[in-house]
Amino acid sequence: MNQGLKMLESAQALITKTAEKMKLDGEMIKRLIEPEFAHEFALTITMDNDKKKVFKGWRIQHNSALGPYKGGIRFHPDTVREEVQALATLMSIKCAVAGLPYGGAKGGIIVDPKQLSKEELERLSRAFASRIARVIGVDVDVPAPDVNTTPQIMAWMIDEYQKVIGHKSPGTFTGKPIAIGGSLGRTEATGRGGLFVLQALLKKINVGANSTIAIQGFGNVGYYFAKLAAEDGFKIVAVSDSKGGVYVSQGLSVEATMNCKKEKGMVAGCYCRGSVCDLKYGRPVSNKELLELPVDILVPAALENVINDQNMKKIKAKIILELANGPITEEAYQYLTKKGVIIIPDVLANSGGVTVSYLEWVQNKAGYYWSEDEVNKKLEEMIVKAFRAIWDKSVKKKMPLKQAAFEVALERIVSAYT
Ligand code: NAD
């Protein structure tokens, strides 16, 4: 079975299971599962060698009960229709969990952008924007960046979109460069939002902010989370990237580790006790080992399915903050939940990104822009409110946070059906 289909089936199974527990009828469950629109197309662009090449793409609009569709666009060689549909479905849940006036959507093109020149990438981005122009809009569907798509790509897309519609509409895409209406605070938003949720949880369970944390992934999300958590007094003892990681039991310096990574191209080898290293008192760890370290809080912030039946029995953390999308398989989730591990689900933990995308859209619609502090304060207010609703449901109904999150989301979507 392809990974995309597996992902879709698992998202749909979660919705069905939750809806059945809520005693929703079969037609309502279908309404919650089936996408409202699935646009599939072929895009033809001229390559630098003057030859034509065809790329397959999708924009899948899952549910619009709560507002315009919202979701990223990914450029990836392994993207398939089912994956785009699964991600669109999860965006409907995430936007509802975050309390945003949005439904869910996702877009994708089968392409390895690293194989394209900058000019080819621009032509492909513009072709995609022009193709979806008739089905998106500031109050219809608002795309954003996702895997391998950047603020620059959003800039090309919005430029092309505005040519088609004949007027400015900055709020139709989010994740734009600041110069054309992007929001301050968007770059750090997912890591920052994850920290706000973690702080809110720790207050509820009376755990101090000096807990130890291991983070898998030291990219946008992992790095900003590490930086802000360290500033807040948490002890970051391990971080890793695709080439491996480092473990410093008394706590590492996030900035020194990032500077070393920039220089060496990786974090592994930045710390060691011997002579071949830049920083003292640490040791290298593999990505596998990092997940099994004796820490209070584990933060997967890189890939999906990294906590699975192979390593679930070796996980020692008491709290897992899912900053990556889908880092825990269903089997591992069931096992760890039974063991009493608190898992803060991705639909809540990493919703800081889409929340600040929403704030970008609000600023674009108003034509009035906030300071970074104002954006951060609004993010905190919104994400902590989202956490409380899920926490309260989980306490009241004695259910794990993930189940409570799905239930809160479905209640909100169903209540918006007329
Ligand atoms: P990124 O590309 O900036 O960083 C990814 C990091 O993961 C890099 O440090 C990379 O080296 C590391 N990595 C890759 N393969 C690895 C492996 N095998 N083991 C360990 N580390 C590995 O991406 P990002 O924007 O930080 O996104 C990370 C995760 O967060 C993804 O699951 C993404 O879908 C999710 N997410 C991101 C955002 C956002 O706003 N950027 C929002 C919501 C969810």
Side-chain angles (χ1 to χ4, degrees), residues 3 7 70-76 79 83-84 86-87 90-91 93-95 97-98 100 104 106 108 113-114 144-151 153-154 174-176 182-183 185-195 197 214-228 238-247 254 257-258 260-262 264-268 270 284-293 298-308 311 321-328 344-360 379 383:
Q3 281 302 315
M7 207 173 160
K70 182 93 192 81
I73 297 165
R74 64 173 49 189
F75 286 0
H76 199 279
T79 292
E83 179 192 61
V84 179
L87 293 165
L90 291 171
M91 277 307 291
I93 300 292
K94 188 183 291 188
C95 291
V97 161
L100 305 177
K106 206 79 178 186
K114 291 185 195 92
D146 191 65
V147 174
N148 290 331
T149 49
T150 58
I153 291 177
M154 294 305 111
T174 61
K176 301 178 294 293
S183 179
R186 173 63 187 91
T187 311
E188 305 83 356
T190 305
R192 190 183 296 278
L195 179 61
V197 174
I215 305 166
Q216 185 185 62
F218 206 45
N220 171 284
V221 175
Y223 165 68
Y224 283 112
F225 173 80
K227 176 177 152 56
L228 298 167
V239 297
S240 69
D241 59 22
S242 58
K243 300 192 181 91
V246 288
Y247 176 45
V254 176
T257 309
M258 181 45 96
C260 175
K261 175 180 159 74
K262 277 188 189 149
K264 292 191 176 199
M266 60 178 116
V267 296
C270 285
V285 284
S286 66
N287 266 303
K288 180 176 172 294
E289 211 185 327
L290 179 136
L291 297 171
E292 298 162 11
L293 287 171
L298 180 60
V299 183
L303 305 173
E304 63 279 2
N305 298 334
V306 290
I307 301 174
N308 48 46
N311 61 2
L321 179 71
E322 288 190 321
L323 286 189
N325 282 317
I328 307 179
I344 311 178
D346 53 4
V347 284
L348 172 65
N350 68 28
S351 66
V354 70
T355 299
V356 175
S357 272
Y358 161 71
L359 296 174
E360 178 177 337
L379 165 63
I383 209 165

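Note that ligands are numbered from 1 as they come in the structure, with each ligand's atoms numbered from 1 the same way. The figures that follow rest on heavy atoms only: side chains count, while hydrogens, waters and symmetry mates do not. Position 1 is the first residue of the sequence; numbering continues from there.
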Checklist entry - Is any side-chain heavy atom of V354 closer than 4.5 Å to a side-chain heavy atom of C95? => result yes
Item to check | side-chain contact (heavy atoms from CB on, under 4.5 Å) partners for E83, two or more places apart | outcome: M7, R74, T79, V80, L87
Next on the checklist: If you define the side chain from C-beta out and look only at heavy atoms, does anything of N350 sit under 4.5 Å from K94?
Outcome noted: yes
Next on the checklist: I'd like the contact residues of ligand 1, where contact means a heavy atom below 4.0 Å.
Outcome noted: R186, T190, Q216, G217, F218, G219, N220, V221, D241, S242, N287, A301, A302, L303, L323, A324, N325, N350
Checklist entry - In Å, rounded to the nearest 0.5 Å, how long is the span from CD of E360 to NZ of K176? => result 3.5 Å
Item to check | L323 and its side chain to side chain contact (heavy atoms under 4.5 Å, CB included) partner, picked from L195, D346, V221 | outcome: V221
Checklist entry - T355 and A98: which non-hydrogen atoms are nearest, and at how many Å? => result OG1-CB, 4.0 Å
